[in-house]
Undergrad: 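The structure under discussion is supplied below as structure tokens; questions concerning it will follow.
All residue numbers refer to positions in the sequence shown, counting from 1. Small disclaimer: the values here were computed from a predicted structure and weren't measured.
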Amino acid sequence: MWASSQLGGVNASYLEGLYEEYLRDAAAVDQNWRGFFDTLAPTENVMDISHAAIRESFRGMLMSSSPGPRPGGGKFADKDAVAKQVAALRLINAYRFRGHQTNSFNSLSRKPISDIEDLSLKHHGLSEDDLDTEFNTGSLVGPEKATLREILEIVTDTYTRCLVAEYMHISDTVEKRWIQTRLESLRCKPGFSADFKKRVLERVTAAERLERYLHSKYVGQKRFSLEGAETLIPMLDELIQRAGTQEIKEIVIGMAHRGRLNVLVNVMGKMPAELFKEFEGGQGQPTNGSGDVKYHMGFSSNINTRGGDVHIALAFNPSHLEIVGPVVEGSVRARQDRRNDKDGSEVISLLIHGDAAFAGQGVIMETFNMSQSRGYSTKGTVHIVVNNQIGFTTSNQKDARSSLHCTDVAKMVDAPIFHVDGDNPEAVVFAAQVALDYRMTFRKDVVIDLVCYRRHGHSEADEPMVTQPMMYKNIIKKPTVRELYVKKLEDEGVIAMDEATGMMERYREALEVGDSMVADIVPHKKATYPFAVNWSNYLANICLIALDTSISKKKVRDLTEKLLQLPQGFELHSSVAKIQGNRRKMAAGSLPIDWGFAETMAFASLITEGYGIRLSGQDSGRGTFFHRHAVLYDQKDGTSYIPLRNLSDTQANFLVINSLLSEEAVLAFEYGYSTTDPKTLTIWEAQFGDFTNNAQVVIDQFISAGEQKWTRLSGLVMLLPHGYEGQGPEHSSARLERFLQLCAEHNMQVCVPTTPSQIFHLLRRQIMQTCRKPLVIMSPKSLLRHRLAVSSLDELCAGPFQMVIPETEDLDNDKVERIVICSGKVYYDLFEKRSKAGLHNVAIMRLEQIYPFPKNALTDEFKRYPNAKKFVWCQEEPRNQGAWYSSQHHMRALIGKDHCLEYAGRPTSAAPAVGYASLHIKQQQGLVAEALGIES
């Protein structure tokens with residue numbers, strides 16, 4: 001053979017290096033050597049195995065090809081021995097790669113190993129004749145050498161039993177070796193103590209008994225039972241206890257409705273008596289707002305752990321599966337920031353998912369994509385997928401997803417996935433331990449796939465046999481998790497039969513009493529939470545009261561000088577340098593103030609007054625329309641500098657983030673942040689206003705209704721570029737009408753500022769007022785540099801925000817016969833057209849706050865014109881869009897029955913705007929002329 005004839009002329013290091021090159025790129029190796037290596041093993045997955053054994057075999061081959069005495073009585077390694085050694089290592093690696101495909105962790109559908117070719121001896125050129133042959137085990141944790149039979153025992157125990165790790169997709173070798181060490185050293189058999197096993201049984205018993213109790217007492221009522229997945233309760237119990245030993249202080253949990261009531265009672269410590277009242281409809285009407293169903297409600301408590309108290313918060317959530325995830329992440333980030341917990345060692349997020357939703361909802365991918373990004377990372381989340389293998393009535397994998405596992409999306413961020421049999425409580429708890437330790441070690445996301453089943457239908461009133469007869473015939477025959485575990489512990493001699501029965505009886509007795517079912521709960525009177533926020537300071541409802549937001553001219557000048565100071569040698573782009581120069585003139589009062597300066601001054605003044613600023617969105621650093629420049633870039637080396645972070649040593653934090661290309665998850669994150677930190681002005685900016693339709697669920701379920709449903713306050717600001725400038729249907733409207741349709745009970749504020757001073761005072765008002773309501777701003781595009789859309793230094797400094805801007809020209813009020821009310825950019829078209837036409841009998845007033853509607857302010861303006869006979873609402877949007885339908889009744893009520901309110905604007909349209917510039921101009925000219933009562 002060619003290769004054998006060449007062995008005498010090479011050394012082991014050369015041969016090993018050649019083999020490594022072959023593994024990286026087979027084509028790069030001489031075809032003769034390539035042919036030799038091909039006979040040893042194919043290339044798939046070899047790069048992840050240790051080559052120590054191959055190295056040793058190569059050296060043996062070299063010794064056998066050399067002249068002179070041969071050690072071992074002439075016995076030496078040959079090519080076949082090397083090939084089998086490689087095969088043994090490949091077999092180990094195959095189990096690491098393919099073990100999860102055995103489905104051995106699925107009690108409803110286990111797949112025989114023989115069905116997976118990669119795991120067969122024959123596939124690797126091995127046979128039963130090799131079982132007693134000793135091989136070098138390479139990177140397998142355990143003895144350096146073992147027989148093939150022993151190797152098979154280790155890998156089958158570790159990778160084809162009740163707990164199987166899917167992790168070989170991870171690119172970091174250190175992480176993979178960490179997982180191998182944790183699992184292979186124990187063969188996924190942790191060896192818990194008898195007392196620990198009894199605690200696990202007690203928690204499983206609690207999970208089962210609560211469901212049985214509710215099932216019998218409240219027949220037919222929805223509760224979204226946990227039956228079939230009872231091991232979720234001991235898993236959460238161990239996660240919390242272990243978190244305490246690792247000095248974690250807070251855990252924020254997000255989960256959907258499946259098992260939520262069980263978690264509330266058996267993990268969070270909610271009093272069963274309170275839950276029973278909710279089932280019986282006796283909790284009373286909410287004092288404010290609408291309230292929500294019991295399986296959407298949140299809760300918080302303190303749990304005593306082996307390492308101290310841990311504060312646990314379960315987030316409120318709607319039925320929209322998975323949207324609560326990024327909300328929780330935002331809340332966790334705010335809590336970490338509050339504690340200055342930069343490495344995520346004190347606050348963690350725990351998200352509990354359903355299998356169908358985890359694979360089906362795009363927000364999962366978006367949230368994973370944020371997990372390691374600068375502005376949104378929470379240093380790793382523990383994900384638990386309650387995989388009951390069915391989504392409502394859809395159980396066929398070909399219908400539910402295109403991937404093998406429901407958890408495959410997690411691979412996009414190199415997250416390890418631990419598939420575990422929900423019928424095995426000890427394996428479940430062990431998975432929880434390893435998952436938490438991984439998160440704390442590597443500060444990355446980790447996923448536990450709790451493979452279980454759903455004993456009842458989607459809700460208790462649903463009959464699953466209709467659509468899944470075979471699955472449910474299997475489920476009906478299955479012993480419960482508690483029954484299986486009791487038998488196991490009895491067989492081990494850990495408990496006697498009467499002990500298990502006693503646990504059930506004691507739990508039921510405690511339920512009847514109605515006290516907390518969690519032994520480790522810290523009584524409310526003794527619970528301490530040093531970082532709690534006193535939200536009672538933000539309950540006022542004063543969005544219609546003028547607030548003093550003024551600042552001194554000296555402060556404007558001082559802040560401007562600090563903002564314009566750059567690091568030595570920092571070279572600005574010429575366009576940015578011009579903007580910076582103009583801002584110095586604006587501060588001096590020698591140049592009218594534009595939008596970018598006013599906005600920057602609002603931020604600067606607030607952070608020096610102790611209010612934090614968090615601004616995120618696509619292109620928010622520079623600003624989509626080149627107006628902000630919060631982040632400056634050195635043209636020599638690309639380094640960045642943020643002046644707003646360098647105003648003083650005592651300033652509050654300023655963070656500006658160019659977000660990933662996502663609206664839904666990012667907006668949900670910012671909402672979560674705002675509900676946790678009322679002292680930070682949290683702002684989300686859309687690239688164009690209509691892009692918010694990608695996040696409509698966040699607006700509908702959280703921003704507009706969170707306070708009414710769950711009494712959750714939020715001061716989130718949404719900057720939505722809006723205005724009709726001929727850019728077509730997708731870049732004109734921020735869908736003002738949708739926000740106004742959602743407005744009620746003073747739930748949020750909707751404003752359309754038209755001057756730089758207005759945005760200055762509006763942003764300051766938002767954080768300075770003693771209420772926290774979401775603020776939706778229809779922000780400008782062309783007005784950012786419009787020659788008329790400017791303010792004076794006096795207007796910037798004086799304040800306050802004007803909910804209605806009156807007529808600015810010196811008209812004879814008694815001669816005014818026509819009043820035009822408008823909002824936004826169209827005002828400047830009206831103003832210029834009126835001036836050109838020489839009209840002195842038309843007054844134009846701007847409605848800058850559309851909701852809550854400023855009735856008093858607008859009434860005062862109407863009174864200034866006693867002879868006005870015509871009142872016109874003018875808008876750029878089509879008649880069925882914009883503010884017309886949601887606001888006309890307010891204006892009609894103020895005008896009175898003696899006058900009518902006319903409409904001037906685009907006709908009704910299915911699309912927000914036209915796509916042809918010529919038609920846009922024609923429409924714009926027509927609506928302006930109609931509003932003014934002249935020919936276009």
Undergrad: Any carboxylate oxygen within less than 4.0 angstrom of a Lys/Arg side-chain nitrogen, looking at Arg335 and Glu250?
TA: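 Yes, charged N to carboxylate O under 4.0 Å.
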Undergrad: Quick check: closest heavy atoms across Val656 and Ala630, and the distance to 0.1 Å?
TA: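 That would be CG1-CB, 4.5 Å.
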Undergrad: Are any side-chain N or O atoms of Tyr673 and backbone N or O atoms of Thr682, one a donor and one an acceptor, separated by less than 3.5 Å?
TA: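 No, the answer is negative, given that no donor and acceptor are paired below the 3.5 Å cut-off.
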Undergrad: Check Arg443 with Asp343, please: is the shortest side-chain N to carboxylate O separation under 4.0 Å?
TA: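 Looking at Asp343 and Arg443, the cut-off is met.
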Undergrad: Enter the distance from Leu615:CG to Glu685:CD here, rounded to the nearest 0.5 Å.
TA: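 Spacing of CG (Leu615) from CD (Glu685) equals 6.0 Å.
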Undergrad: For the residue pair Pro678 and Ile767, what are the closest heavy atoms and their distance?
TA: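 Reported closest heavy-atom pair: O-CD1, 3.4 Å.
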Undergrad: Which pair of heavy atoms, one from Leu762 and one from Cys751, lies closest together, and at what distance?
TA: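 Looks like CD2-CB, 3.8 Å.
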Undergrad: Side chains of Asn658 and Gln618: do they bring a donor and an acceptor to under 3.5 Å?
TA: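 The answer is no; no qualifying pair exists.
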Undergrad: To the nearest 0.5 Å, what is the distance between CG on Asp445 and OG on Ser349?
TA: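 Rounded to the nearest 0.5 Å, the CG-OG separation comes out at 7.0 Å.
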Undergrad: Quick one: does Thr378's side chain get under 4.5 Å of Ile348's, heavy atoms only?
TA: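 No, side chains not in contact.
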Undergrad: Would you say Gln651 and Thr608 are linked by a side-chain donor-acceptor pair, where the criterion is simply a distance under 3.5 Å?
TA: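 No, because no side-chain N or O of Thr608 sits under 3.5 Å from a partner of the opposite role on Gln651.
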Undergrad: Using side-chain hydrogen bond (donor to acceptor under 3.5 Å, both in side chains), reason through Lys773 and Gln766 one step at a time and then give a plain yes or no.
TA: CA-CA 8 Å; Lys773 305 279 185 178; Gln766 177 66 3; over 6 Å; no
Undergrad: Determine the sole option in Val750, Ile699, Val717 for which the side-chain contact (heavy atoms from CB on, under 4.5 Å) test with Val776 is passed.
TA: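 The residue from Val750, Ile699, Val717 that satisfies side-chain contact (heavy atoms from CB on, under 4.5 Å) with Val776 turns out to be Val750.
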Undergrad: Is any side-chain heavy atom of Ile850 less than 4.5 Å from a side-chain heavy atom of Phe739?
TA: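 No, too far: nothing below the 4.5 Å cut-off.
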Undergrad: Under 4.5 Å between any side-chain heavy atoms of Gln246 and Leu436, yes or no?
TA: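 SC-SC contact between Gln246 and Leu436 confirmed.
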Undergrad: Can you list everything that forms a side chain to side chain donor-acceptor pair (under 3.5 Å) with Thr600? Sequence neighbours excluded, please.
TA: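 Expected list: none.
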Undergrad: In terms of the angle between their ring planes, are His383 and His353 parallel, tilted or perpendicular, with boundaries placed at 30° and 60°?
TA: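 Parallel.
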Undergrad: Rounded to the nearest 0.5 Å, what separates atom CG in Leu321 from atom CZ in Arg258?
TA: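 CZ of Arg258 is found 10.0 Å from CG of Leu321.
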Undergrad: Run the numbers on Val382 and Val447 for side-chain contact (heavy atoms from CB on, under 4.5 Å), then give the verdict.
TA: CA-CA 6 Å; Val382 177; Val447 178; over 6 Å; no
Undergrad: Kindly say whether Gly706 contributes a backbone atom to a donor-acceptor pair with the side chain of Arg712 at under 3.5 angstrom?
TA: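 No; judged by distance alone, with no hydrogens or angles, the pair does not exist.
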Undergrad: Should the pair Glu707-Arg772 be classified as a salt bridge under the 4.0 Å nitrogen-to-oxygen rule?
TA: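 Between Arg772 and Glu707 there is no salt bridge, as every charged N stays at least 4.0 Å from the carboxylate O atoms.
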Undergrad: Hey, what do you get for CD (Glu745) to SG (Cys743), rounding to the nearest 0.5 Å?
TA: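 If I round to the nearest 0.5 Å, the distance is 11.5 Å.
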Undergrad: Assign the ring pair Tyr376 / Phe669 to parallel, tilted or perpendicular, where the plane angle (0 to 90°) is split at 30° and 60°.
TA: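 Tyr376 vs Phe669 ring planes: perpendicular.
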Undergrad: Scan residues 229-245 for pairs that pass side-chain hydrogen bond (donor to acceptor under 3.5 Å, both in side chains), counting only residues two or more places apart or in two chains.
TA: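 Only Arg199-Asp237, Glu238-Gln433, Gln241-Asp520, Arg242-Asp437 qualify under side-chain hydrogen bond (donor to acceptor under 3.5 Å, both in side chains).
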Undergrad: So which atom in Leu210 and which in Leu261 form the shortest heavy-atom distance, rounded to 0.1 Å?
TA: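 Minimum heavy-atom separation between Leu210 and Leu261: CD2-O, 4.1 Å.
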Undergrad: Can you establish whether the number of heavy atoms outside Glu247 located under 6.0 Å from its atom CD is more than 12?
TA: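 Counting other residues, nucleotides and ligands, CD of Glu247 stays at 12 neighbours or fewer.
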Undergrad: Kindly indicate, with the supporting measurements, whether the criterion side-chain contact (heavy atoms from CB on, under 4.5 Å) is fulfilled by Gln372 and Lys379.
TA: CA-CA 7 Å; Gln372 296 296 319; Lys379 306 303 180 183; over 6 Å; no
Undergrad: Step by step, would you call Glu670 with Ser616 a side-chain hydrogen bond (donor to acceptor under 3.5 Å, both in side chains)?
TA: CA-CA 8 Å; Glu670 301 303 346; Ser616 79; 2.7 Å; yes
Undergrad: Under the side-chain contact (heavy atoms from CB on, under 4.5 Å) rule, what do Val204 and Ile233 come out as? Steps first, then yes or no, please.
TA: CA-CA 7 Å; Val204 172; Ile233 300 304; over 6 Å; no
Undergrad: If I compare all heavy atoms of Pro318 with all of Gln701, which pair ends up nearest, and what's the gap?
TA: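 Heavy-atom minimum between the residues: CB-OE1, 3.6 Å.
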Undergrad: Is there a donor-acceptor pair closer than 3.5 Å between any side-chain N or O of Glu211 and the backbone N or O of Leu226?
TA: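 Confirmed, Glu211 side chain pairs with Leu226 backbone.
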Undergrad: Strictly distance-based, threshold 3.5 Å: is any side-chain N or O of Asn266 a donor or acceptor partner for the main-chain N or O of Ala206?
TA: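 Yes; at least one donor-acceptor contact below 3.5 Å.
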Undergrad: Quick check against the 3.5 Å criterion: does Gln336 have a side-chain atom that pairs as donor or acceptor with the backbone of Val347?
TA: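 At least one qualifying donor-acceptor pair exists.
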Undergrad: Within the 4.5 Å heavy-atom criterion, are Pro774 and Gln749 side-chain neighbours or not?
TA: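 No - every pair of side-chain heavy atoms lies 4.5 Å or more apart.
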Undergrad: Could you tell me whether the side chain of Thr305 and the main chain of Gly308 form a donor-acceptor pair under 3.5 Å?
TA: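 Yes, because the side chain of Thr305 sits within donor-acceptor range (under 3.5 Å) of the backbone of Gly308.
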Undergrad: Find out whether Asn317 and Met255 are in side-chain contact, i.e. whether some heavy atom of one side chain is under 4.5 Å from a heavy atom of the other.
TA: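 No, every pair of side-chain atoms sits at 4.5 Å or beyond.
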Undergrad: Evaluate side-chain hydrogen bond (donor to acceptor under 3.5 Å, both in side chains) for Asp341 paired with Ser345, printing each intermediate quantity in order.
TA: CA-CA 7 Å; Asp341 179 20; Ser345 60; 3.3 Å; yes
Undergrad: Between His257 and Phe224, is the ring centre distance below 6.0 Å?
TA: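 Between His257 and Phe224, the centre distance is under 6.0 Å.
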Undergrad: Regarding Glu512 and Arg508, does a basic nitrogen lie under 4.0 Å from an acidic carboxylate oxygen?
TA: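 A salt bridge links Glu512 with Arg508.
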Undergrad: Are Arg209 and Glu202 close enough for a salt bridge, meaning some N to O gap below 4.0 Å?
TA: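 Looking at Arg209 and Glu202, the cut-off is not met.
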Undergrad: Heavy atoms, side chains only, cut-off 4.5 Å: are Leu314 and Arg260 in contact?
TA: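 In contact.
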Undergrad: Should Pro272 and Met517 count as side-chain neighbours, where that means a heavy-atom distance under 4.5 Å?
TA: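 Result yes, sub-4.5 Å side-chain heavy-atom pair found.
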Undergrad: What are the two closest heavy atoms between Ile521 and Met268, and how far apart are they?
TA: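 Shortest heavy-atom contact: CD1-O, 3.3 Å.
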Undergrad: Give the C-alpha distance, both sets of side-chain angles, the deciding distance and a yes or no for side-chain contact (heavy atoms from CB on, under 4.5 Å) between Ser371 and Lys444.
TA: CA-CA 8 Å; Ser371 66; Lys444 287 179 56 181; over 6 Å; no
Undergrad: Would you check if the side chain of Asp309 reaches a backbone N or O of Asn302 as a donor-acceptor pair within less than 3.5 Å?
TA: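 Answer holds: no.
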Undergrad: Got a donor-acceptor contact below 3.5 angstrom from the Ser331 side chain to the Val328 backbone?
TA: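 Such a contact is absent between Ser331 side chain and Val328 backbone.
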Undergrad: If only atom types and distance count, is the side chain of Glu366 paired as donor or acceptor with the main-chain N or O of Ala665 below 3.5 Å?
TA: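 Yes; at least one donor-acceptor contact below 3.5 Å.
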Undergrad: Without hydrogens or angle criteria, can the side chains of Asn653 and Arg614 be said to hold a donor-acceptor pair below 3.5 Å?
TA: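 There is no such pair (donor and acceptor under 3.5 Å, judged by atom type) between the side chains of Asn653 and Arg614.
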Undergrad: Hey, could you give me the CD1/CD1 distance between Ile683 and Ile777, rounded to the nearest 0.5 Å?
TA: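 These two atoms lie 7.5 Å from each other.
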Undergrad: To the nearest 0.5 Å, what is the distance between CH2 on Trp684 and OG on Ser674?
TA: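 Trp684 atom CH2 to Ser674 atom OG measures 13.5 Å (nearest 0.5 Å).
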Undergrad: I'd like to know if the side chain of Arg338 reaches the main chain of Phe531, judged simply by a donor and an acceptor atom lying under 3.5 Å from each other, with no hydrogens or angles considered.
TA: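 Yes; judged by distance alone, with no hydrogens or angles, the pair exists.
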Undergrad: Within a strict 4.5 Å, meaning less than it, do heavy atoms of the Val385 and Leu450 side chains meet?
TA: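 Result no, sub-4.5 Å side-chain heavy-atom pair not found.
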